[in-house]
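Below: the structure, in structure tokens.
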Amino acid sequence: MRFNILTLFPEMFTPLFTSMTGRAAEKGLLSFHVVNIRDFSTDKHSKADDYPFGGGQGMVMLPQPAFDALRSVEAEKTRVIYLSPRGRKLDRALAEELAREEEITLFCGHYEGLDQRVIDTWHMEEVSIGDYILTGGELAAMVLADTVSRMVPGVLAGEASAFDESIYSGLLEYPQYSQPREFEGLGVPEVLLSGNHKMIHLWRYEQSLMLTAERRPDLFEQYVKNHGELSKDERKVLEKVVGCCKIPV
């Protein structure tokens, strides 16, 4: 899968060439083509922004460098995403959708935004990673690229599925422990050392339920109402955690 990333600050994208995404790129599973929008400015000072018509604070990214940068990657042949706080929120459904594309183009906004003519002409889909404001779209683009990359077949080494993890299962992840068995007087829950895989599974399930109920009651309520088929033992654990909650199990 190829990511075209158009930005005023290409040096910010070093993390994509390391760790999991970097290894996947070396294997040819992913490709990151980072383009400096400023290189396409026809201004002698490589200007890529100016004051907004109608007044107001801040600067707006200009259409000319943006148009030419988009043409350079033949963005018209790809799905074009503009990282914007007013866009559709990035979630599992959208990430899965994007992971099925062979190539996508990510445009990183900056300053007060991008000239609307660019957004309209290039049929950009506006996507947000959350209800907060960043200095620019670069961090959001990296979040999107990382999230989508995990769903590309072969990227996660030895994984059962990218969707088995944490929030995609409907619950937050249970606590994890590793060596040593005891550290500075702190031990590991005995059930994890028992070798009883059924009991370990039920303990982890209960921990996930309790963490979700405590930290994300919205997710917990949704899970209780819409959970799939459960074993007899799993149902007992769920009923125990629900306790006095007035949510039908």
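What's counted below: heavy atoms across the whole structure, side chains too, no hydrogens, waters or symmetry copies.
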**Report entry** Minimum heavy-atom distance Met59-Tyr111, with the two atoms named
**Finding:** O-CB, 3.1 Å
Query raised in the report: Would a distance-only check, ignoring hydrogens and angles, find a side-chain to backbone donor-acceptor pair under 3.5 Å from Ser149 to Thr21?
Result: no
Query raised in the report: Any idea how His227 and Tyr223 line up, ring-wise: parallel (<30°), tilted (30 to 60°), or perpendicular (>60°)?
Result: tilted
Query raised in the report: With no hydrogens and no angle check, do the side chains of Thr42 and Gln64 hold a donor and an acceptor under 3.5 Å apart?
Result: yes
Requested in this report: Give, for atom CD of Glu221 and atom CG of Asp218, the distance between the pair rounded to the nearest 0.5 Å.
Outcome: 8.5 Å
Query raised in the report: Looking only at heavy atoms, which two atoms of Ala141 and Leu83 are closest? And how far apart?
Result: N-CG, 3.8 Å
Query - Spacing of Leu192 atom CG and Tyr174 atom OH [to the nearest 0.5 Å] - result: 9.5 Å
Requested in this report: Answer yes or no: does atom OH of Tyr51 have more than 12 heavy-atom neighbours from other residues, nucleotides or ligands under 6.0 Å?
Outcome: no
Query raised in the report: Can Glu206 and Val241 be said to form a side-chain contact (heavy atoms from CB on, under 4.5 Å), step by step?
Result: CA-CA 7 Å; Glu206 182 175 0; Val241 175; 4.0 Å; yes
Report task. Would you indicate whether the side-chain heavy atoms of Glu182 and Val188 approach each other to under 4.5 Å? Result -> no
Query raised in the report: Roughly how far apart are Ser208 OG and Leu172 CG, rounded to 0.5 Å?
Result: 7.5 Å
Query raised in the report: If you look at every heavy atom in Ile37 and Ala66, which pair is closest and at what distance?
Result: CG2-N, 4.1 Å
Query raised in the report: If you look at every heavy atom in Ser46 and Ser41, which pair is closest and at what distance?
Result: C-OG, 3.4 Å
Query raised in the report: Within a strict 4.5 Å, meaning less than it, do heavy atoms of the Asn196 and Val191 side chains meet?
Result: no
Query - Note, Asn4 side chain near Thr78 side chain (heavy atom, < 4.5 Å) - result: yes
Report task. Please examine the side chains of Arg235 and Lys232, heavy atoms only from C-beta on, and report whether any two atoms are closer than 4.5 Å. Result -> no
Query raised in the report: Should the pair Phe32 and Phe3 be assigned to parallel (<30°), tilted (30 to 60°) or perpendicular (>60°) ring geometry?
Result: parallel
Query raised in the report: Got a second to check how far Phe67's CZ is from Phe40's CZ, nearest 0.5 Å?
Result: 14.5 Å
Query raised in the report: Of the options Asp233, Ile200, Leu238, which is the one that meets Tyr205 in a side chain to side chain contact (heavy atoms under 4.5 Å, CB included)?
Result: Leu238
**Report entry** Nearest-0.5 Å distance that lies between atom CG in Leu171 and atom CE in Met210
**Finding:** 12.0 Å
Query raised in the report: Quick one: does Val60's side chain get under 4.5 Å of Asp50's, heavy atoms only?
Result: no
Query raised in the report: Crowded around Arg88 CZ? As in, over 12 foreign heavy atoms under 6.0 Å?
Result: yes
Query raised in the report: Do Phe183 and Tyr177 sit in the same hydrophobic cluster, where Ile, Leu, Val, Met, Phe, Trp and Tyr count as joined when their side-chain heavy atoms come under 4.5 Å apart?
Result: no
Query raised in the report: Taking the side chain as C-beta and beyond, is there a heavy-atom pair between Met124 and Leu70 under 4.5 Å?
Result: yes
Query - side chain to side chain donor-acceptor pair (under 3.5 Å) contacts in which one or both residues fall within residues 119-138, not counting sequence neighbours - result: Thr7-Glu138, Arg79-Glu125, Ser84-Glu126, Arg86-Glu126, Lys89-Asp131, His110-Glu138, Gln116-Asp120
Report summary line: Rounded to the nearest 0.5 Å, the CG atom of Leu98 sits from the OG1 atom of Thr147 at a distance of 10.0 Å
Report summary line: The single option from Val80, Asn36, Val35, Leu106 that satisfies side chain to side chain contact (heavy atoms under 4.5 Å, CB included) with Leu6 is Val35
Requested in this report: Inspect the surroundings of CD in Gln222 and state if more than 12 heavy atoms from other residues, nucleotides or ligands are less than 6.0 Å away.
Outcome: no
**Report entry** Trace of the side-chain contact (heavy atoms from CB on, under 4.5 Å) decision for Cys108 with Ile5
**Finding:** CA-CA 7 Å; Cys108 304; Ile5 303 173; 4.1 Å; yes
Report task. Could you go through the salt bridge (charged side-chain N to carboxylate O under 4.0 Å, His left out) check for Glu102 and Arg2 one step at a time? Result -> CA-CA 6 Å; Glu102 292 185 4; Arg2 176 184 170 102; over 6 Å; no
Query raised in the report: Would Leu62 and Phe107 show up in the same hydrophobic cluster when neighbours are defined by side-chain heavy atoms closer than 4.5 Å?
Result: no
**Report entry** Close side-chain approach of Val237 and Leu209, heavy atoms under 4.5 Å
**Finding:** yes
Query raised in the report: So, Glu234 side chain and Ser231 main chain: donor-acceptor pair closer than 3.5 Å or not?
Result: yes
Requested in this report: Determine the minimum heavy-atom distance between Glu11 and Thr14, stating which atoms define it.
Outcome: O-OG1, 3.4 Å
Requested in this report: Could you please spell out the steps behind the salt bridge (charged side-chain N to carboxylate O under 4.0 Å, His left out) verdict for Glu74 and Lys77?
Outcome: CA-CA 6 Å; Glu74 298 184 312; Lys77 299 178 182 178; 3.4 Å; yes
Query raised in the report: What closest approach, in Å, do Leu211 and Glu173 show between heavy atoms, and which atom pair accounts for it?
Result: CD1-O, 3.3 Å
Report task. Give the intermediate values and the outcome of side-chain contact (heavy atoms from CB on, under 4.5 Å) for residues Val118 and Met61. Result -> CA-CA 10 Å; Val118 182; Met61 292 180 71; over 6 Å; no
Report task. Compare all side-chain heavy atoms of Val155 with those of Lys27 and state whether any distance is below 4.5 angstrom. Result -> no
Report task. Apply the test side-chain contact (heavy atoms from CB on, under 4.5 Å) to residues Leu30 and Leu16: give CA-CA distance (whole Å), side-chain angles for both, the deciding distance (0.1 Å), then the verdict. Result -> CA-CA 10 Å; Leu30 301 175; Leu16 288 180; over 6 Å; no
